[in-house]
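Below, chains carry the letters A, B, ... as their sequence lines are ordered, and counting in each starts from 1.
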Amino acid sequence: MSTPALAIRNLSKSFGRPVVIGLDLTISAGEFYALLGPNGAGKTTILRMVAGLLAPDTGTIEIFGIDVGAAPVAAKRLLAWVSDEPMVYDRLTPLEYLDFVAGLWQVEPSKARKEAESLLDLLGLTAHAHELCGGFSKGMLQKVALAGALIHDPRLIILDEPLTGLDAGSARQVKDVLLEKVAQGVTIIMTTHILEVAERMAQRIGVISSGKLVAEGTLAQLRSAIGRESTLEEIFLELVAPPPATP
Amino acid sequence: MMLRPATLPWFARHELRLAWRDFIAMISGGHRIRLVGFFAGGIGVYALLHLIAGSLIGPAVAAGIPDDKPTLAMVAGVGLLFFSVMLSQALEAVTRVYYARSDLDLILSSPASTRTLFAVRTGAVAFSTALLSALLASPIVNMLVVFAGPHWLWAYLVLPASSALSVAIAILLTIALFRLVGPKRTRLIAQILAAIIGAGFVIGMQAVAILSFDSYSRFAVFGSADFIAVLPGLDNWLWLPAKAVMGDGTAALVTALIGSAILAAVTAFSSLSYGQLAVAAAGVGQARGRLAKTKNLFLGRSSRDVLRRKEWRLLQRDPWLLSQTLMQMLYLLPPALLLWVNYGEGAGAFVVIVPVIVMAAGQLAGGLAWLALSGEDAYDLVTTAPVSAGQILRAKIEAVLAVVGVALLPLLLLLALNDWAIALVTCFCAVLSATSATAIQIWFRVPMRRAMFRRRQVASRAATISEALVSIMWAGTGALLAIFSWMALVPAVIALLVLGAARALSPKRG
């Protein structure tokens, strides 16, 4: 069996109250995985721990067999993180931003510049390549951030609500780029509140509620788990519904 | 009390409520005990200032305060220094009335009168400027009242008058800038102007003192016989504010009346264009200027170099920061002038330069370190890059210290040409000061948006206070080392103690 793209074992995190509780999760290489859950369920906390932005209280995280805690720099080389708030500098142009990210990941200069131009073209940003990002809309910033995530050719891309605030055209562009990456063998983990996107794009779906993984599988597996033909929205609402109050 | 919505008193109450809540949140940080501590500490400091003022004013009153031209000239000079700072603050605040978005978009999109809003906001600027200056001046005025009589209370009327005048001038300057350079550049130029006005008058006076009177005191010029001889007679109306400060009731009333009338007239006139200019200012954020293709800055370099270059590029492209940095650099002009004037004439005069350079190094490093460490807009990106945390930190520290070095190097070289020993002492203490300020910023770093630079002090008062204290102590060490006094050990030890305390108080990192 090949090394999984992501292997999480017994992961826990608490901020005064437990936010992630004993999570086990394995995602295969080349898989498109959607992580769903209500607000405050712990999705972003899990992903931030995977990206090395938060230290877990307990548990281990391995990216392609590399322990994030023991060898963070080696793990980060394989990873790209795109948060819901685009991490872009107001006073750099998109091209300069991509050069900066490529510089951080030590991408070979001639390859980086070619890739930057190609990504800007792919995401419809070529006309804005030499404008400062400070005046960009949220959607444009999100696309610049996504281009930054792709420029160093990561093997695992983690996206936290990447489609929030995007217009239909931009959302389509982003989805197409992500699907193309998966076709090339890249692993993608994405959180989203747009269940339709998860339903259409993800090969497997995990549902988090109160810091625990309450269900996981393909859409068909989730349907069979609740025992009837339902939409993902119905499945999701049933899985995350609070237990009925005892009289 | 029910007020009719969107009227002047209604807006005034709304603004006052927001300002009060902001103030309380800033002071308390959500902890009631801090609020109590702040007020208790504030009262203590205020009482101490009264004691200091009393110890200075008591003997002066006993010796008699003459009502003559030299005294009025000195009072007017001090008043002008005060006014230049007021005008600088007002210009900065008035620019924000046009540019700060927060609730402006909501109000501009409502049917409420923009003229009313403008009147309330400029009134608030005048009020807060007057209040702050009253707080600063009150220990002196109160002690004058105690020692020399209640007629000194008239001096308080000069504060709102000066504040009103400074706001009126600031409004006219801002509108003139809008017309001359357009909304895109107005904010930047106004901020640079504010920095120059704030420091410029002080520096100008020092420069005159250095060139004409061989003294480093900014007040020397006001006491010179040549200067007093060219001033108008005591019956001239230009003396009104100075006479008002000295307790002349009629002069105080006339000054207050003139100040208020000017502000009212300027507000009424300027409010007509406020809505239009505020909308133009709102468009600036959306405007997308095209830059010329820049040469490759980041590719093919080490990760540390990439991070350093990013800091320098952002700094270079941040006009607002430029004005803040300019302010620090302006204070270096008098020492530079002193060096120039006294070139080759011995080391005595240069001793006064040492603390100024050391202090500037600390303040500059503190501000830049905040930007590089806490004001990292792409914190997640840099943290997820395959670079160790230690390397990131080192790259940022190098970026900060390099800028400080470049800023101070010309002065240090000039100083070395005059007296290499003093240059060495200055360099040594400037490095200590800059390193200490950077260390404090490392210990207290909290990720914030770069745009929050103005409010960085709010994030940690302990960091702000210890940074200022340490800079002052290293400046003192430098000054005493320059005269080869063993007393230099005292401020040096205090600086180390403050650093230790700051380290102990800093939040623990997991």
Side-chain angles (χ1 to χ4, degrees), chain A residues 48 50-55 57 71-93 95-113 116 127-137 140 145 148-149 152 154 158 160, chain B residues 184 282-322 371-372 375-392 395 447 449-451 453 509-510:
Chain A
R48 289 183 74 83
V50 173
L53 292 163
L54 270 178
D57 293 342
V73 173
K76 285 172 184 180
R77 264 186 241 286
L78 309 175
L79 176 104
W81 158 256
V82 183
S83 84
D84 57 339
E85 275 303 315
M87 303 170 290
V88 175
Y89 298 100
D90 286 355
R91 292 182 195 281
L92 290 186
T93 66
L95 204 56
E96 287 172 336
Y97 175 78
L98 294 183
D99 282 355
F100 171 66
V101 180
L104 280 180
W105 263 264
Q106 297 287 288
V107 181
E108 201 261 311
S110 60
K111 187 182 166 220
R113 185 46 72 92
H128 309 289
H130 299 288
E131 291 170 5
L132 291 181
C133 294
F136 285 7
S137 66
M140 288 168 79
H152 51 89
I158 301 172
D160 190 15
Chain B
K184 196 179 165 191
V284 171
Q286 272 77 53
R288 296 208 293 263
R290 206 177 165 77
L291 296 182
K293 278 188 188 176
T294 48
K295 64 173 188 166
N296 163 34
L297 260 183
F298 306 117
L299 296 176
R301 300 180 192 279
S302 70
S303 305
R304 250 164 89 173
D305 196 18
V306 167
L307 282 165
R308 277 195 299 263
R309 283 166 178 270
K310 186 267 291 179
E311 293 303 333
W312 295 331
R313 174 49 60 96
L314 293 184
L315 187 66
Q316 181 198 336
R317 284 203 184 144
D318 198 327
W320 183 77
L321 247 177
L322 211 66
L371 280 165
E376 169 59 76
D377 280 349
Y379 173 81
D380 283 7
L381 173 76
V382 172
T383 313
T384 54
V387 188
S388 71
Q391 268 193 311
I392 295 172
R449 292 289 298 173
R450 212 174 171 83
F453 183 75
R509 292 174 200 285

Between A/Leu95, A/Val73, A/Asp99, A/Val88, the one whose heavy-atom pairs under 4.5 Å with chain B are most numerous:
A/Asp99

Any non-hydrogen side-chain atom of A/Trp105 less than 4.5 Å from a side-chain atom of B/Thr384?
yes

Run the side-chain contact (heavy atoms from CB on, under 4.5 Å) test on B/Leu381 and A/Tyr97 for me, step by step, so that the C-alpha distance in whole Å, both residues' side-chain angles and the decisive distance to 0.1 Å come before the verdict.
CA-CA 11 Å; B/Leu381 173 76; A/Tyr97 175 78; 3.6 Å; yes

Decide yes or no for B/Val382 and A/Met87: does some side-chain heavy atom of the first lie under 4.5 Å from some side-chain heavy atom of the second?
no

Indicate yes or no: at least one non-hydrogen side-chain atom of A/Tyr89 is less than 4.5 angstrom from one of B/Lys310.
yes

Test side-chain contact (heavy atoms from CB on, under 4.5 Å) on B/Leu307 and A/Phe100 and set out the steps.
CA-CA 8 Å; B/Leu307 282 165; A/Phe100 171 66; 4.1 Å; yes

At their closest point, which heavy atom of B/Ser303 faces which heavy atom of A/Gly103, and how far apart are they?
OG-O, 4.1 Å

Nearest atoms (heavy-atom pairs only) where B/Arg301 meets A/Gln106
O-NE2, 2.7 Å

About how many Å separate CG of A/Leu104 and CZ of B/Arg304, when rounded to the nearest 0.5 Å?
13.5 Å

Checking side-chain contact (heavy atoms from CB on, under 4.5 Å) between A/Leu92 and each of B/Leu297, B/Asp377, B/Leu314, which is the one that passes?
B/Leu314

Measure across A/Ser83 and B/Asp380 and return the closest heavy-atom pair with its distance rounded to 0.1 Å.
CB-OD2, 4.1 Å

Who wins among B/Asp305, B/Val387, B/Leu299 for the most heavy-atom pairs under 4.5 Å with chain A?
B/Leu299

Which region of A/Val82, side chain (C-beta onward) or backbone (N, CA, C, O), has a non-hydrogen atom less than 4.5 Å from a non-hydrogen atom of chain B, or is it both or neither?
neither

How close do A/Lys76 and B/Thr383 get, counting heavy atoms only, and between which atoms?
NZ-O, 2.6 Å

Considering only heavy atoms and a distance below 4.5 Å, find which of B/Ala378, B/Ser302, B/Ser388 pairs most often with chain A.
B/Ala378

